[in-house]
Novice: 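Submitted below is the structure of interest, expressed as structure tokens.
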2 protein chains.
Amino acid sequence: MEYGLLLQNIAKHIQLSEEDKNYLLSLLQSKKLRRKSFLRQEGDITKAAVFVTSGLLRMYSIDKNGFEHILQFAPPGWWIGDIKSYITQQPGSLYIDALEDSEVLLLEKKHLDNLYEKVPAFERFFRILAENALATYQQRLIDNLSLPAIDRYNNFCRLYPSLIECLPQKQVAAYIGVTPEFLSKMLSQAPSSK
Amino acid sequence: MEYGLLLQNIAKHIQLSEEDKNYLLSLLQSKKLRRKSFLRQEGDITKAAVFVTSGLLRMYSIDKNGFEHILQFAPPGWWIGDIKSYITQQPGSLYIDALEDSEVLLLEKKHLDNLYEKVPAFERFFRILAENALATYQQRLIDNLSLPAIDRYNNFCRLYPSLIECLPQKQVAAYIGVTPEFLSKMLSQAPSSK
DNA sequence: CGGCGCCAATAATGTAGGTTAAGGGGTAGG
DNA sequence: CCTACCCCTTAACCTACATTATTGGCGCCG
């Protein structure tokens, strides 16, 4: 179990006493995921916030033709989750699985709600987290609406230089919103600035 | 000036004392906007959170071919803003203007930061606001990646039944991500369930 | 060694949606 | 009543990307 990464992540935005830290850690569960195993599937209710400590996860939806559309990758140090299902506590439509053997920390909603009461600083931490994620999704929506595929690809390379090296093209294609075939064709035509 | 709507909006998520309410109200500025006038333009820094009390605003980007892509409409009772610019306090790329004569309340970042210190319940309020907005953007991104235009249109109708009545088709097209011509063609072909 | 399955890449064809341009119907202003 | 403008519609053509089929490389197993 690796708590250092999480505490580091939190310390960027709020200060915690030792007591608060210990209380937080007492609420966490650790979970190992083998490559290709699921953390959640369509229809599940999101009962916990998820923080990745090692490996690589992805969150995606599957459309009615069976195609995957990736909303987010989560390397170590990232949070991931179907937030709509978490908020409403209703079944959600998203899938989360591991692209590599991974390890995550789970913070259950009921525990997080207690945590908010006892350590209000966490309200701020998760507010900031949500605001940042919101900014990211706003930007990505703009990109999807207004940029051609090659620009979306280049943006992805710029934002996630470490991911582009370890991901198969197929996964990148499912993120930027094109077919693997088209991405291949596009890259062979444009040597790009990479 | 209309504060009732704002207080109502806040009361859905947190409870405030009379004192807190008065403090909040003391921080607000009211602003009137004529139809077609701008609340912000590309390059501006977002200095305040914006709550709409009357009228109708829209937030959009303009791509390099000059086309508008609408990220959000904001009827009365909604918040709106370029959150990336707000967080980073750097110039942003989005435009916000009024589709009708409107009135908004402004809460400046410096005041909001004070408010967080003095009334921590607002951390919770804006956390919940950001989480809900995040869920909305996540869903919209899924829709844009995985649904054809007609389904995106029907989702829009289902989510914003009051807007569909008062918006010109052109604006709806810029929201769901098609040309006005294509939307028109699509609607004449599919009588839809509306 | 030879066959099989799985991926990544290529090639040929199909289609959703964009572009351009022209026209018509409502309505506000003179 | 005329004109002007806005908004919507229609239709022909075009382009970006999808779909399907095919190919070649590579590890696995007999």
Side-chain angles (χ1 to χ4, degrees), chain A residues 35-36 56 58 60-70 97-100 140-157 163-192 194, chain B residues 34-37 56 58 60-70 73 97-101 140-157 163-192 194:
Chain A
R35 187 176 137 85
K36 299 203 178 181
L56 180 60
R58 78 217 253 248
Y60 59 100
S61 72
I62 299 185
D63 68 26
K64 61 170 182 261
N65 300 316
F67 290 99
E68 299 173 355
H69 303 278
I70 298 179
D97 66 8
L99 291 174
E100 303 169 6
R140 186 152 164 224
L141 190 56
I142 297 169
D143 288 359
N144 269 280
L145 288 170
S146 60
L147 297 181
I150 183 65
D151 293 348
R152 300 203 300 276
Y153 177 80
N154 285 326
N155 277 355
F156 182 85
C157 293
L163 284 180
I164 204 76
E165 315 227 315
C166 67
L167 284 175
Q169 268 188 6
K170 183 181 170 185
Q171 302 295 334
V172 178
Y175 182 95
I176 65 173
V178 296
T179 56
E181 293 82 353
F182 184 73
L183 178 56
S184 166
K185 198 193 293 188
M186 201 170 66
L187 293 181
S188 70
Q189 282 167 9
S192 115
K194 200 192 130 200
Chain B
R34 290 227 158 277
R35 184 174 138 88
K36 301 199 177 184
S37 65
L56 180 61
R58 79 216 254 249
Y60 59 100
S61 72
I62 299 184
D63 68 27
K64 61 171 182 257
N65 300 315
F67 291 100
E68 299 173 354
H69 303 277
I70 299 178
F73 295 106
D97 66 9
L99 291 173
E100 303 169 6
D101 290 352
R140 186 153 164 225
L141 189 56
I142 297 170
D143 288 0
N144 270 280
L145 287 170
S146 60
L147 298 181
I150 182 66
D151 292 348
R152 301 203 300 275
Y153 177 79
N154 286 326
N155 278 356
F156 183 86
C157 294
L163 284 180
I164 204 75
E165 316 228 312
C166 67
L167 283 175
Q169 271 187 11
K170 184 181 168 184
Q171 302 295 335
V172 178
Y175 182 95
I176 64 172
V178 296
T179 56
E181 291 83 354
F182 184 73
L183 178 57
S184 168
K185 197 195 298 185
M186 200 171 66
L187 293 180
S188 68
Q189 282 167 9
S192 111
K194 206 194 124 198

Novice: For B/Leu145 and C/dG17, what is the distance between atoms CG and P respectively, to the nearest whole Å?
Specialist: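 Spelled out: CG on B/Leu145 to P on C/dG17 is 14 Å.
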Novice: Should A/Arg58 and A/Asp97 be marked as a salt bridge (Lys or Arg N to Asp or Glu O under 4.0 Å) after you check the CA-CA gap, both sets of side-chain angles, and the distance that decides it?
Specialist: CA-CA 6 Å; A/Arg58 78 217 253 248; A/Asp97 66 8; 2.8 Å; yes
Novice: Between B/Leu187 (CG) and D/dT9 (P), how many Å, whole number?
Specialist: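 The answer, rounded to whole Å, is 7 Å.
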Novice: Pick base, sugar-phosphate or nothing for B/Glu181, based on heavy-atom distances below 4.0 Å to the nucleic acid.
Specialist: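 Since a base atom lies under 4.0 Å of B/Glu181, the category is base.
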Novice: Measure NE2/B/His69 against P/C/dG18 and give the value in whole Å, please.
Specialist: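 The answer, rounded to whole Å, is 10 Å.
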Novice: Give the nucleotide from the list C/dT10, D/dC8, D/dA18 with an atom nearest to the side chain of A/Phe182.
Specialist: D/dA18
Novice: Return the value, rounded to whole Å, for the distance between atom CG of A/Asn65 and atom P of C/dA16.
Specialist: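 Those two atoms, CG and P, are 11 Å apart.
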Novice: Please tell me which of the listed nucleotides, C/dA8, D/dA12, D/dA18, lies nearest to the side chain of A/Pro168?
Specialist: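 Per side-chain heavy atoms of A/Pro168, the pick is C/dA8.
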Novice: Just how far, in rounded Å, is P of D/dA18 from CG of A/Leu183?
Specialist: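 About 10 Å, once rounded to whole Å.
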Novice: For B/Asp151 and C/dA16, what is the distance between atoms CG and P respectively, to the nearest whole Å?
Specialist: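 It is 13 Å, rounded to the nearest whole Å.
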Novice: Is the positively charged end of B/Arg140 above the ring of B/Tyr175, judged by distance under 6.0 angstrom from the centroid and angle within 45° of the axis?
Specialist: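 Yes, cation above the ring, under 6.0 Å and within 45°.
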Novice: Just the rounded figure in Å: distance from P of D/dC8 to NZ of B/Lys185.
Specialist: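 Whole-Å distance recorded here is 17 Å.
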Novice: Nearest whole angstrom, please: distance from the P of C/dA8 to the CD of A/Gln171.
Specialist: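 The answer, rounded to whole Å, is 9 Å.
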Novice: Assign the ring pair B/Phe156 / B/Phe73 to parallel, tilted or perpendicular, where the plane angle (0 to 90°) is split at 30° and 60°.
Specialist: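 Answer is perpendicular, since the angle exceeds 60°.
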Novice: Under 4.0 Å between a side-chain N/O of A/Thr179 and OP1 or OP2 of D/dA18, yes or no?
Specialist: yes
Novice: Within a strict 4.5 Å, meaning less than it, do heavy atoms of the B/Ile142 and A/His69 side chains meet?
Specialist: no
Novice: Let's see if you can work this out: which of C/dC7, D/dC8, C/dG17 has an atom nearest to the side-chain heavy atoms of A/Lys36?
Specialist: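 Given the options C/dC7, D/dC8, C/dG17, the side chain of A/Lys36 is closest to C/dC7.
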Novice: So what does B/Pro180 hit on the nucleic acid, given a heavy-atom distance under 4.0 Å: a base, only sugar-phosphate, or nothing?
Specialist: nothing
Novice: Among D/dT9, D/dA18, C/dT10, find the nucleotide with the atom closest to the side chain of A/Ser184.
Specialist: C/dT10
Novice: If you only use heavy atoms from C-beta on, which nucleotide in D/dC8, D/dA18, C/dG18 is closest to the side chain of B/Lys170?
Specialist: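 Selected nucleotide: D/dC8.
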Novice: Indicate whether the side chain of A/Asn144 and that of B/Asn144 have a donor and an acceptor atom separated by less than 3.5 Å.
Specialist: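 No, B/Asn144 and A/Asn144 have no side-chain donor paired with an acceptor closer than 3.5 Å.
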Novice: Would you indicate which nucleotide in D/dC17, C/dG17, D/dC8 comes nearest to any side-chain atom of B/Pro148?
Specialist: C/dG17
Novice: With respect to the phosphate group of C/dA9, does any side-chain polar atom (N or O) of A/Gln169 fall under 4.0 Å of OP1 or OP2?
Specialist: yes
